[in-house]
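Since the structure comes first, as structure tokens, the remarks are kept for the end.
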Amino acid sequence: MRRETFRDFDATELFCPKCRRAVPVRKKLLLILTSGEKYDYTCVFCGTSVGDKMVTMKDQTRLIIT
Ligand SMILES: [Zn+2]
């Protein structure tokens, strides 16, 4: 996985299943865990969670889009 992908993920839009289109997202710190931080991305229009991202301390980024 390339880092550019994750940077793009922060800046670009994500698909919202409710709006049925790509929407701007709001990034929110959801949880701080011992292993890292979990960010939640929500649609700016309807507030639906469109994805989340786990940032770990060991320089690993895992992206899970639900
Ligand atoms: Zn939406």
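What you are looking at is a predicted structure, and each value in this text was computed from that prediction instead of being measured. In listed order, ligands and their atoms are each counted from 1.
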Shortest non-hydrogen separation from [X] to [Y] and the atoms involved:
X     : Y     : result
Ser49 : Thr42 : CA-CG2, 4.0 Å
Cys16 : Val50 : CA-CG1, 3.7 Å
Asp52 : Tyr41 : CA-CD1, 4.1 Å
Leu29 : Glu37 : CD1-CB, 3.9 Å

When rounded to the nearest 0.5 angstrom, what is the spacing between NZ in Lys27 and NZ in Lys53? 5.0 Å
Mind checking how many protein N/O/S atoms fall short of 2.8 Å from the Zn ion (ligand 1)? 4
Phe15 meets the side chain to side chain contact (heavy atoms under 4.5 Å, CB included) criterion, sequence neighbours left out, with none
